[in-house]
> 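Attaching a single structure in structure tokens format; questions to follow.
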Amino acid sequence: MFTTAILVKVIIIVSVFAITLVVAMYSTYAERKIAAFFQDRLGPNRAGPYGILQPVADGVKMFMKEEIIPDVSNKFLFIFGPSLAMLTACMTSAVIPWGRGITIGGNFYIMQAADVNIGILYIFGVVSIGVYGIMIGGWASNNKYSLLGALRASSQMISYEIAMGLAIISLIMMSGTLSVRDIAEQQQGFHWNVLYQPLGFLIFLICAFAETNRAPFDLPECETELVGGYHTEYSSMKLGFYLFAEYINMFISSAVISTLYFGGYNMPLIGRFVHDPNWLSMIGTCFLFGKIFFFIFFFMWVRWTLPRFRYDQLMNLGWKVLIPLSILNIFLTGIVMWLNGKLG
Amino acid sequence: MNPSSIPSDYLPIFIQFLVAAGFVVAVMVATHWLGPKRKSKLKLETFECGIEPQGNARIPFSIKYFLVAILFVLFDVEVIFMYPWAVNFKVLGESGLIEMLIFMALLLTGFFYIIKKGALKWE
């Protein structure tokens, strides 16, 4: 029984891992196609029909490139930086519930790698380690542009982490649990958290943009000032890892946003038409992926619409606007819950 | 609701770590083997917009970044304090709400102080 359980977990983990990689690969394609659409161009269309083999071609290209490690760099840290960035990006998906669960042969299997009761803390912990990947890589390169990019990245990410943590607190006050699955289960029907926590959602969304270093918060790799930012010296798949980790992070943060604020795998009203729990759970998973893809699109939409912040504006937004706002949100949540008699 | 997790609940996270680490190591080795190796002295220099690199990057940087890091440590610890409170918010009731309001007031006083001191002022 125990070995079967482990086998099932391994299957879930490996398939989630594969799906993550494929989604991240095709996000790069989607990004270029969407950018092309926004700028009235065609985008990649040479590799395969409509260019759908472009991500594969890019991957092969990355592998076949010469691996350059500058003479003056710290060799070990230079390799360790991108590895850590990729590793942390791949670790977060463990606690995200992908669906309610499937019953096979009388046994119920939940569609989640690890249902731990501190899921949200786990996500925060792993995301915080992600800062090291960028900082180590930028510092080890021994290049001034990389150093500046890494410094900007780390101080941006830690600043927005505070506001993100505070935004989540008001959500936890309502749910009373740190388990991601319990939070998803509590949002059955139309009780999506975004309806109760609109301000918290907005703060979380902005912080998610900053944590993934996406535009308009992409100052760490600001081309006009810093050449390539923290990955200036990187080539071959080590560069690929940094770029790829960004897309994986985008996928994971879309999944976290969908699960925490948009009901996760819950689909309102579907229970009236479909009664088989297995099918319900499968449809719920498809619905979750629909939400995730919408948010990935949203990330790209914003990138190709808004200009980049200036560094002082970025820090002011994080410290002087988002942190007070999220404290206000906690305060409001507490007062409203107290007035509604939700307190024991 | 499962009120307490047992250590075996964390086993999948360990498996996930092994899968992810295996993938990272395999790709790093593969890219090392597959790529061409025609290194030259110029290629192994760090990039500095085409001019000769001046010194190295182990240079002092703006103290502001350090200040932000210190403030982050302070505030993040305070945020972590609030998590157990938030989980038990409904159970603690009114007294919990009032206590947290006092804590928040102290936190905001400190926050106001660092802003007035100009700790977050970027030129």
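Any value given below was found using the heavy atoms of this structure, including those in side chains, with hydrogens, waters and symmetry copies removed. Residue numbering restarts at 1 for every chain, and letters A, B, ... go by the order of the sequence lines.
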> Applying a heavy-atom distance below 4.5 Å, give me the residues of residues 15-24 of chain B that approach chain A, sorted by number.
B:Ile15, B:Gln16, B:Phe17, B:Val19, B:Ala20, B:Ala21, B:Phe23, B:Val24
> Quick one: side-chain hydrogen bond (donor to acceptor under 3.5 Å, both in side chains) pairs with a partner in residues 161-172 of chain A, sequence neighbours left out?
A:Ser128-A:Glu161, A:Ser170-A:Gln197, A:Ser170-A:Asn329
> Out of A:Met62, A:Glu67, A:Lys9, return the one with the most heavy atom pairs under 4.5 angstrom to chain B.
A:Glu67
> Please give me the minimum heavy-atom distance between A:Gly165 and B:Tyr83, naming the atom from each residue.
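Minimum heavy-atom separation between A:Gly165 and B:Tyr83: O-OH, 3.3 Å.
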> Counting only non-hydrogen atoms closer than 4.5 Å, does A:Ser146 touch chain B with its backbone (N, CA, C, O), its side chain (CB onward), both, or neither?
neither
> Please confirm whether the backbone N or O of A:Met173 pairs with a side-chain atom of B:Lys90, one donor and one acceptor, at under 3.5 Å?
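No.
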> Between B:Trp85 and chain A, with a heavy-atom cut-off of 4.5 Å, which part of the residue counts as in contact: side chain, backbone, both or neither?
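Answer is side chain: those atoms of B:Trp85 sit under 4.5 Å from chain A.
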> Can you list every side-chain hydrogen bond (donor to acceptor under 3.5 Å, both in side chains) pair that touches residues 102-116 of chain B, not counting sequence neighbours?
none
> Between B:Ile115 and chain A, which part of the residue has a heavy atom less than 4.5 Å away: side chain, backbone, both or neither?
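Just its side chain gets close to chain A.
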> So which pairs with a foot in residues 59-81 of chain A pass ring pair (Phe, Tyr, Trp, His ring centres under 6.0 Å), sequence neighbours left out?
A:Phe76-A:Phe80, A:Phe78-A:Tyr234
> Answer with side chain, backbone, both or neither: which region of B:Leu97 has an atom nearer than 4.5 Å to a non-hydrogen atom of chain A?
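Looking at B:Leu97, just its side chain touches chain A.
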> Please examine the side chains of B:Tyr10 and A:Ile118, heavy atoms only from C-beta on, and report whether any two atoms are closer than 4.5 Å.
yes
